[in-house]
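A, B, ... follow the sequence lines: proteins, then strands. Residue 1 opens every chain. These numbers come from the heavy atoms of this one structure, side chains and all, not from hydrogens, waters or symmetry mates.
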Amino acid sequence: MAAQEVLESDLPSALTLLKNLQEQVMAVTAQVQALTKKVQAGAYPTEKGLSFLEVKDQLLLMYLMDLSHLILHKASGGSLQGHAAALRLVEIRTVLEKIRPLDQKLKYQIDKLVKTAVTGSLSENDPLRFKPHPSNMMSKLSSEDEEEDEAEEGQSEASGKKSVKGASKKYVPPRLVPVHYDETEAEREKKRLERAKKRALSSSVIRELKEQYSDAPEEIRDARHPHVTRQSQEDQHRVNYEESMMVRLSVSKREKGRRKRASVMSSQLHSLTHFSDISALTGGTPHLDEDQNPIKKRKKILKKGRKKKGFRRRR
Amino acid sequence: MNDTVTIQTGKFMTKRLFQQKTMVIDVFHPGKATVPETEIREKLTKIYKTTPDVIFVFGFRAHFGGSKTTGGMIYNSLDYKENEPKHRLARHNLYKKKKTSRKQEQNKERQGTAKANTGTGNSEKE
């Protein structure tokens, strides 16, 4: 019969397969025993934890093993209800889901590493190519005041026309490209308006309105007028400088005026009745309080040769 | 109100290169006017146990409301002359500024050079 012939032809292959199986099982048990011995001997320390990628690998492998176990179980007619492997699967699945955002964050780095490992160098538009190369800069000892700014490509080029004179130390002024100053009256007006708006926004009227309508808890602070605090900070800075440098700095007329104004402001009840001008926000003409001085347009006349080298703070 | 003068010192620094010790001095003098420098120097000699001629004080300013003054002090050991500014040495009578006017000196210089020049004998510039 056909079945018997099939059986006869299959028999030797079945025998060899069974022998192979036996050998392989013995090899696997030997390996597993060696592994457990190693683990018990502490050859794999995990106090510092496993690396993220290792964990992912292990979890995926465990998932596959449990899955295949369950398939086998189901194929031989068992039920999956409350099977220990099913619960393990669920656990592993939740962990993998939680790991996924971390994975997203690492994606860029891992991709880049893989690419560099494959190609052997950084790619064309890699931003790491733009880091500064101090070895490309010209030394200040050999040449006179040449500062190398980093160009787009990250390669610093000597701005070619400068001459390098080592021993004679001739002063070569930096070649800066002059830019045309082109601020029209309209732009100046706009700037003034913006500044007035900013000032108006921080005035007491607007601040009180904000406090009224905001949900934040009300803060009661011992705050003084902003001019006063600014002046007191400046004074403190000046005092510190004078004491540490053991010098006395001269006070210009402008400084004296500022100080006087600040002290007067803190002593009067000025802020009770005089409010700052918020016409920049409302769009009207700047109106004046009767007692106040008219609004002056300040012209900036820079004095020649402002000294006080160490002290002058940049505004 | 007690009329004593109290001295406190702060920011003490020893500068070996200049052979100096510098510090900031706070003088408390409630009920009195600003204390003269000589008095302050005397008090400091008592505190630091030296002679008053090596102590140089300067820069005393009264704080608002009176009764406190702050200034600096330099306390030298021997070779101080080259390190002190001349106006402070003058306060100790160790340096005298010459009193001739600048204009007169420049005239003298011009006379000297005009005589040295041989030639047409142009008179001095006015």
Side-chain angles (χ1 to χ4, degrees), chain A residues 221-274 291-293 303-315, chain B residues 6-28 34-37 40-41 44 47-48 50 54-77 80-92:
Chain A
R221 246 183 276 172
D222 174 35
R224 300 141 96 189
H225 192 93
H227 290 190
V228 173
T229 45
R230 185 77 187 276
Q231 188 57 42
S232 59
Q233 268 181 14
E234 287 244 0
D235 282 342
Q236 194 59 39
H237 178 63
R238 177 183 284 263
V239 163
N240 286 339
Y241 183 85
E242 285 185 347
E243 289 196 351
S244 47
M245 296 287 142
M246 302 281 281
V247 291
R248 283 288 180 200
L249 296 166
S250 58
V251 188
S252 65
K253 272 196 201 161
R254 200 168 271 204
E255 265 295 318
K256 271 195 226 161
R258 275 199 216 128
R259 270 198 207 165
K260 203 166 149 216
R261 253 181 283 141
S263 66
V264 153
M265 231 178 247
S266 56
S267 55
Q268 285 178 354
L269 302 171
H270 188 268
S271 52
L272 283 182
T273 49
H274 292 89
D291 317 332
Q292 277 180 355
N293 296 327
K303 289 192 212 156
K304 264 201 247 176
R306 277 212 150 148
K307 295 182 208 162
K308 296 189 207 168
K309 281 180 189 171
F311 177 63
R312 201 80 186 123
R313 282 203 293 192
R314 294 273 140 247
R315 284 181 187 276
Chain B
T6 324
I7 291 191
Q8 282 183 2
T9 60
K11 293 208 172 136
F12 188 89
M13 231 196 311
T14 312
K15 300 180 175 169
R16 285 266 170 83
L17 291 172
F18 295 101
Q19 296 187 12
Q20 277 178 8
K21 298 184 188 182
T22 61
M23 67 197 75
V24 172
I25 295 188
D26 281 341
V27 183
F28 294 95
T34 312
V35 183
E37 284 187 1
I40 297 180
R41 275 167 64 202
L44 287 166
I47 297 175
Y48 287 100
T50 43
V54 292
I55 300 182
F56 290 80
V57 290
F58 61 97
F60 277 93
R61 291 264 176 91
H63 288 229
F64 189 77
S67 80
K68 181 173 175 188
T69 322
T70 313
M73 170 183 139
I74 298 184
Y75 160 82
N76 287 1
S77 20
Y80 38 71
K81 297 224 171 85
E82 58 260 21
N83 289 333
E84 271 307 292
K86 302 215 169 65
H87 66 276
R88 275 187 225 150
L89 291 177
R91 289 181 195 171
H92 284 225

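More than 12 heavy atoms of other residues, nucleotides or ligands lie within 6.0 Å of NZ in B:Lys11, so this atom counts as buried by the packing criterion.
Considering only residues two or more places apart in sequence or on other chains, B:Arg16 meets the salt bridge (Lys or Arg N to Asp or Glu O under 4.0 Å) condition with none of them. Every residue two or more places apart in sequence or in another chain was checked for a ring-ring contact (aromatic ring centres under 6.0 Å, His included) with B:Phe28, and none qualifies.
Contact annotation: the side chain of B:Phe58 never approaches that of A:Arg248 to less than 4.5 Å [non-hydrogen atoms, C-beta and beyond].
Heavy-atom minimum distance, B:Val24 versus A:Glu243: CG2-O, 3.7 Å. Minimum interatomic distance between A:Met246 and B:Thr22 (heavy atoms only, all atoms of both residues): CE-CB, 3.5 Å.
Contacts with chain A were tallied for B:Gly72, B:Gly10, B:Gly59; B:Gly59 has the most, counting heavy-atom pairs under 4.5 Å.
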